[in-house]
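Following: one structure in structure tokens, then a few remarks.
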Amino acid sequence: MSHEITVRLKDGSERQMPAGSTYAELAQSMGPRLGKEAVVARVNGALVDLSREIEDGAQVEFLTLQDPEGLYVMRHTCAHVMAQAVQRLFPGTKCAIGPVIENGFYYDFADHDFHPEDLPRIEEEMRRIVAEDLPIQREVISRDEALRFFRERGDRFKVEIIEDLPEDVTLTLYRQGEFVDLCRGPHLPSTGRVKVFQLQSFAGAYWRGDSKREMLTRVYGVAFAKKSDLDEYNRLQQEARERDHRRLGKELDIFTLSPEVGQGLPLWLPNGAKIRRIIERYIVDLEESLGYQHVYTPHLANVELYKISGHWEHYKDDMYPPMKIDNEELVLRPMNCPHHMMVYKHRLHSYRELPIRIAELGTMHRYEMSGALAGLQRVRAMTLNDAHIFCRPDQIEQEFTGVVRLIQRVYKDFGIDDYYHRLSYRDPKNTEKYVQNDEMWELAQSTLRKVMLDLGLEFVEAEGEAAFYGPKLDVQVRTALGKDETLSTIQLDFHLPNRFNLEYVGEDGERHRPVVIHRGVVGTMERFVAFLIEQYKGAFPTWLAPTQVVVASVADEFAGYAEEVAAKLRELGIRAEADVSDNKIGYKIRQAQTHKIPYTLVVGAREREEGSVSVRKYQAGDLGAMPLDQFVRQIQDEIERKAKLVEA
RNA sequence: GCCAGCGUAGCUCAGUAGGUAGAGCAACUGACUUGUAAUCAGUGGGUCGCAGGUUCGAUUCCUGUCGCUGGCUCCA
């Protein structure tokens with residue numbers, strides 16, 4: 001009865017195996033090395049355990065830890081190994097879920113209080129489980145059996161998961177030694193195949209991500225195929241900590257936070273204020289050159305304004321509560337849109353005037369949850385590079401394009417090149433969460449998509465990420481700690497014009513409703529500067545550096561010349577300071593370098609005589625002596641070009 | 001807001017098995033007069049986050065509170 005079955009392999013060839021063979025045996029038969037390295041099979045596109053029997057006629061490919069999918073499977077198994085270790089050390093701990101994440105995995109537990117000292121113990125137990133090389137077995141189980149099994153063990157999370165799964169899915173258990181877990185798989189053939197791992201931290205996490213439900217303890221870990229990958233990961237983590245804007249912001253005196261002032265209320269120190277002012281001038285000038293009209297509006301408003309806009313209903317919990325003064329109830333504004341609607345509304349507009357682009361560096365206050373606050377990245381008082389474009393529907397495409405181009409220009413000037421575009425649509429399965437107007441949504445979403453395609457820009461599409469009032473384009477960047485955040489955003493809005501009854505007089509003499517485009521290019525000054533600190537590792541390019549030049553005298557005798565040079569540079573609009581302290585030149589240079597000042601000019605007898613300066617550039621080192629005029633031309637050119645400080 | 005951890009000089013950190021604390025850097029003072037990443041010497045500086053409690057005695061133990069960090073949730 002030993003009939004043969006046939007599989008097709010990756011290279012297109014076919015191979016025969018006796019019926020009932022497993023994928024592991026197939027891999028082994030193809031070569032001892034593959035047999036040793038394969039961790040999972042891809043069968044007709046789906047990942048399958050090596051222990052399973054070969055399907056006749058299948059298209060088969062083997063994956064190793066060199067493949068992302070192989071690594072994925074190992075990380076998944078690693079999560080199980082961790083859960084097993086936890087069960088051994090702390091019997092009675094309940095397991096919730098343990099998925100794979102970037103670089104590693106986590107597992108959520110309940111009914112045990114974890115302590116930091118537990119991490120090394122868990123790690124140690126995991127190593128033991130790996131050394132035991134327990135075979136990992138897959139078992140198909142019926143729904144009733146599974147429910148009975150987990151109910152008996154008091155595994156409430158597993159029971160809930162099973163109950164929520166559709167009736168027709170095949171339930172599987174994975175068993176390794178004494179440990180059993182409900183899991184879709186696939187897994188490594190045995191625990192011994194887990195390579196390098198490291199537990200990272202504990203964190204609280206709500207069951208099913210729902211803040212109303214039980215808080216579990218999440219244990220994070222990373223896992224890699226090789227020790228060197230883990231070392232590299234740790235190196236990058238270390239580097240990330242070093243470029244953390246909170247650390248650099250303190251070291252470089254850019255901003256400060258203190259409980260006396262209030263949580264999430266940053267003070268911009270002189271250095272930070274200089275950087276911010278340069279950015280503000282830059283963006284305002286640029287916007288004005290593109291037809292934006294900058295305005296100033298108050299940071300407080302009558303709560304009625306937000307009732308008109310609809311924000312009160314949706315977002316009042318995230319606003320500072322109203323204060324009653326005279327006959328008014330005033331709130332700190334959490335966004336600028338309503339004010340700008342009123343700017344538009346102060347008189348009637350003709351179709352000929354549109355688009356009207358109202359812009360402002362608008363300061364706003366949001367009651368962010370205390371646990372969400374982080375340095376300048378997440379604050380409760382912030383200033384947004386905001387603008388609202390009021391246009392006719394036929395101008396949407398052109399205006400949207402204009403904003404995308406503006407963003408590209410700005411990113412180029414700031415040397416930001418690691419970002420991606422995300423087009424956010426409404427969730428088609430959940431349309432009641434959004435403003436009701438199917439036609440508008442379809443048109444708006446397709447317009448945004450078309451513009452991105454016309455501009456030849458890559459983008460990802462995210463259903464369900466839209467604002468409730470319209471679709472949007474976000475520009476996403478990553479913080480030093482690897483978190484995604486939105487830097488720029490463009491949002492179409494068909495809702496506020498209705499709420500505020502905005503109108504323009506059309507060619508036909510009738511009243512029409514304009515469309516509003518909300519957009520932030522630089523985003524909030526707080527988040528943008530936080531991002532720049534991290535991106536530049538605190539070494540701002542010369543055009544942005546708070547201090548561009550330090551003139552360091554070699555000895556007291558040359559203090560006068562140093563002051564003279566610094567004064568001359570300042571007259572030319574270059575931010576220069578003289579260091580005429582009685583420290584040695586080596587010390588002054590070190591100071592300038594650790595403060596990441598772009599240029600240090602060393603002056604002594606020679607320079608005074610020649611009217612020259614010895615130029616030392618940040619990181620690049622000594623560039624030699626040159627006439628002061630030449631240095632001025634050079635640095636002015638660099639500032640003009642907004643050149644990067646150090647070419648990466 | 002929730003879970004966990006942390007909170008000692010301006011900064012980075014050590015320390016006290018309960019007997020009111022220490023280093024480096026920074027600051028200040030003086031000497032040195034300096035040529036490309038730290039000259040030398042000296043001085044000052046902390047009710048050990050805050051408030052209660054236990055104790056003869058608390059920075060150390062307990063409770064509460066505020067803040068910070070990691071994550072969750074949120075992010076118009």
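Please read all numbers here as calculations on a predicted model, not as lab measurements.
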Specify the separation, in whole Å, of atom [atom1] of [X] and atom [atom2] of [N].
X         : N       : atom1 : atom2 : result
Asp556(A) : rU33(B) : CG    : C1'   : 6 Å
Asn583(A) : rA27(B) : CG    : C1'   : 13 Å
Glu557(A) : rG35(B) : CD    : P     : 13 Å
Lys250(A) : rU69(B) : NZ    : C1'   : 11 Å
Asp484(A) : rC74(B) : CG    : P     : 16 Å
Ile585(A) : rU39(B) : CD1   : C1'   : 14 Å
Ile97(A)  : rG71(B) : CD1   : P     : 17 Å
Trp207(A) : rC72(B) : CH2   : P     : 16 Å

Phosphate-side-chain proximity, [X] and [N], N/O vs OP1/OP2 below 4.0 Å:
X         : N       : value
Lys588(A) : rG35(B) : no
Arg378(A) : rU69(B) : no
Lys483(A) : rG71(B) : yes
Tyr587(A) : rA26(B) : yes

Please check if any side-chain donor atom of [X] sits under 3.5 Å from a side-chain acceptor atom of [Y], or the reverse.
X         : Y         : result
Lys617(A) : Thr600(A) : no
Glu214(A) : Tyr206(A) : no
Tyr420(A) : Asp484(A) : yes
Thr489(A) : Asp474(A) : yes
Arg241(A) : Gln238(A) : yes

Using a 4.0 Å heavy-atom cut-off, does [X] contact any base of the nucleic acid, only the sugar-phosphate backbone, or nothing at all?
X         : answer
Ala372(A) : base
Asp210(A) : nothing
Gly209(A) : sugar-phosphate
Glu313(A) : nothing
Gly604(A) : base
Gln491(A) : sugar-phosphate

Side chain [X] and base [N] donor-acceptor under 3.5 Å:
X         : N       : value
Arg218(A) : rC72(B) : no
Glu260(A) : rG67(B) : no
Asp582(A) : rC32(B) : yes
Tyr206(A) : rG1(B)  : yes
Ser614(A) : rU36(B) : yes

Under 3.5 Å for both donor-acceptor distances, Watson-Crick or wobble: does [N] have a partner, and if so which one?
N       : value
rG70(B) : rC3(B)
rG24(B) : rC11(B)
rU55(B) : none

Compare the minimum distances between each of [options] and the side chain of [X], then state the nucleotide with the smallest one.
X         : options                   : result
Arg246(A) : rU69(B), rG35(B), rA76(B) : rU69(B)
Ser211(A) : rG67(B), rU12(B), rU73(B) : rU73(B)
Ala605(A) : rC3(B), rG35(B), rG5(B)   : rG35(B)
Glu607(A) : rG35(B), rU34(B), rU36(B) : rG35(B)
Ser370(A) : rA37(B), rA76(B), rG1(B)  : rG1(B)
Met369(A) : rG1(B), rA76(B), rG67(B)  : rG1(B)
Tyr469(A) : rA38(B), rA76(B), rG1(B)  : rA76(B)
Lys584(A) : rU39(B), rC72(B), rU36(B) : rU39(B)
Tyr220(A) : rG70(B), rC72(B), rA76(B) : rC72(B)
Arg366(A) : rU34(B), rA76(B), rU69(B) : rA76(B)

Rounded [atom1] spacing from [N] to [M] in Å:
N       : M       : atom1 : result
rU73(B) : rC3(B)  : P     : 16 Å
rU65(B) : rC6(B)  : C1'   : 15 Å
rG45(B) : rA9(B)  : C1'   : 6 Å
rC56(B) : rU8(B)  : P     : 30 Å
rU60(B) : rU43(B) : C1'   : 30 Å
rC50(B) : rG7(B)  : C1'   : 11 Å
rU47(B) : rG57(B) : P     : 23 Å
rU55(B) : rG19(B) : C1'   : 12 Å

- Message: Please evaluate residues Tyr306(A) and Met335(A) with respect to the criterion side-chain contact (heavy atoms from CB on, under 4.5 Å), reporting the C-alpha separation (whole Å), side-chain torsions for both, the decisive distance (0.1 Å), and the verdict.
- Response: CA-CA 10 Å; Tyr306(A) 294 96; Met335(A) 71 276 297; 3.8 Å; yes
- Kindly assign one of parallel, tilted or perpendicular to the pair Phe390(A) and His388(A), based on the angle between their ring planes and the thresholds 30° and 60°. tilted
- Task: Determine the interplanar angle of the Trp441(A) and Tyr434(A) rings, folded into 0 to 90°, and report it as parallel if under 30°, tilted if 30 to 60°, perpendicular if over 60°.
- Result: perpendicular
- Upstream residue (5' side of RNA chain B) when Phe202(A) and Gln593(A) are each assigned their closest nucleotide: Gln593(A)
- Message: Quick check on RNA chain B: between Tyr367(A) and Gln263(A), whose nearest nucleotide comes earlier from the 5' end?
- Response: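 Closest to the 5' end, via its nearest nucleotide, is Tyr367(A).
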- Worked verdict on Arg378(A) versus Glu526(A) for salt bridge (Lys or Arg N to Asp or Glu O under 4.0 Å): CA-CA 8 Å; Arg378(A) 201 68 182 281; Glu526(A) 287 75 13; over 6 Å; no
